[in-house]
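Heads up, the thing below is written out as structure tokens.
What's counted below: heavy atoms across the whole structure, side chains too, no hydrogens, waters or symmetry copies. These numbers were taken from a predicted model, which means no experiment stands behind them. Each ligand, and each atom within it, is numbered from 1 in the order the structure gives.
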Amino acid sequence: MTTSPDMAAFVAGLPKAELHVHLQGAASVPTILELSRRYPEAGLPLEEDELREFYRFRDFDHFLSVYMAVNELVRTPDDVQALVEGLGRDLAAVNVRYAEVTVTADSHLLAGMDPAGVAEALSAGRAATLARTGVELAYTYDINGAHGLAGAERTISWAERFPAEGSVGFGLGGPEAGAPRTAYADAFNRARDIGLASVPHAGETTGPQSIRDSLDALGAVRIGHGIAAAQDRSLMAELIERDVVLEVCPTSNVCTRAVDSLEEHPFTILREAGVRVTLNTDDPGMFDTDLNREYVIAHDVFGVDRTGLLDLARESVRSSLAAQPVKDRILAEIDDYAAASLSE
Ligand code: HPA
Ligand code: ZN
């Protein structure tokens, strides 16, 4: 991929929002190496080239097993706070103004962390990020489908009892096969009762049915990935009708082998059908990407022009769960950027 310096600079300066990024998967390679050296008994790579090799995924299940192994390195609320603050710095560096960070709180609870301490770490990391960088962070808590209904219960009861500042969403991640979305309706109903919007993963590695189930049983307002919708015209029409937004993560889908290549990615099918789509990174530390890179891919591989990239940035803000004044502020920044850069 050869990207023009002009395009790279345009994307780098573009104010935007990230709606789908996992706290652990976002941790940079240096951050993970620092943790693996602090906790060598976890047996994870201690050198950069080994870690990069460890992050070459054979398939989606292999990716999930690596993801869970990395969880062994996150042991204390201080570790959680350090990850949040590291992510905040990385987001500021790519001009992300607002981000919804997915936290698998259950993994931290199963690691034996104090439940209140996890929420305090999230609140403190968010406050420090805002003060230091101006980046506004919000949180989504995802159930891990591998942990079944017991994990769902732990996740929702933790969110009910220990609401961290900036809690906005409730999700469902981990394996899709063998984890029917419909099984989690009760947890999502309870999440809605405490003001958390439904944003499950679906249609990443299984077909359209998981997306339909997310709409019907979980009341999804956005879908994590959702790329399988491209296989089903009537489902795309339903997403449009219900005004549901997809959190598309192109590099992730290639790295986990959910799609064969960027060229075969269904982004363009979805966008041209009129489905609302946003660009996201998913696990940027593990996939060696960042949000600027995803926008450059949209230009270079999917043929989105500057006006289209501005619209994608606007869509990321509009379809976020941010408070209206935050949305208005970032949308005004994008308008100013558009006026300045398109008149050049
Ligand atoms: N899908 C499911 N689980 C995950 C993902 C994903 O894309 N990233 C981290 N955990
Ligand atoms: Zn994800």
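Counting backbone and side-chain atoms alike, H201 contributes an N/O/S atom closer than 2.8 Å to the Zn ion (ligand 2). Note on D283: not counted as a metal contact of the Zn ion (ligand 2), no N/O/S atom lying under 2.8 Å. In summary, H22 places an N/O/S atom under 2.8 Å from the Zn ion (ligand 2), meeting the contact criterion.
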Which pairs would a plain distance check flag for residues 262-273, meaning a side-chain donor or acceptor within less than 3.5 Å of a matching protein atom at least two apart in sequence or in another chain?
unit_1, atom_1, unit_2, atom_2, d
E264, OE1, S261, OG, 2.7
H265, ND1, F267, N, 3.0
H265, NE2, N253, OD1, 2.8

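Atom CZ of R242 has more than 12 heavy atoms from other residues, nucleotides or ligands within 6.0 Å. Within a 6.0 Å sphere centred on CG of N189, heavy atoms belonging to other residues, nucleotides or ligands number more than 12.
Centroid-to-centroid, the aromatic rings of Y337 and F10 come within less than 6.0 Å. A centroid separation of less than 6.0 Å is found between the aromatic rings of F63 and F287.
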Residue pair R293, D290: steps toward the salt bridge (Lys or Arg N to Asp or Glu O under 4.0 Å) verdict: CA-CA 5 Å; R293 190 172 159 76; D290 61 35; over 6 Å; no
Worked check of salt bridge (Lys or Arg N to Asp or Glu O under 4.0 Å) between E100 and R222: CA-CA 12 Å; E100 288 168 19; R222 292 196 321 246; 2.6 Å; yes
R52 vs E47, salt bridge (Lys or Arg N to Asp or Glu O under 4.0 Å): CA-CA, chis, key distance, verdict: CA-CA 9 Å; R52 291 191 186 278; E47 299 302 331; over 6 Å; no
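Restricting D282 to its N, O or S atoms, the one at the least distance from the Zn ion (ligand 2) is OD1.
Every protein residue with a heavy atom nearer than 4.0 Å to ligand 1 is included here: H22, F60, F63, L64, Y67, G173, G174, H201, E204, H225, D282, D283.
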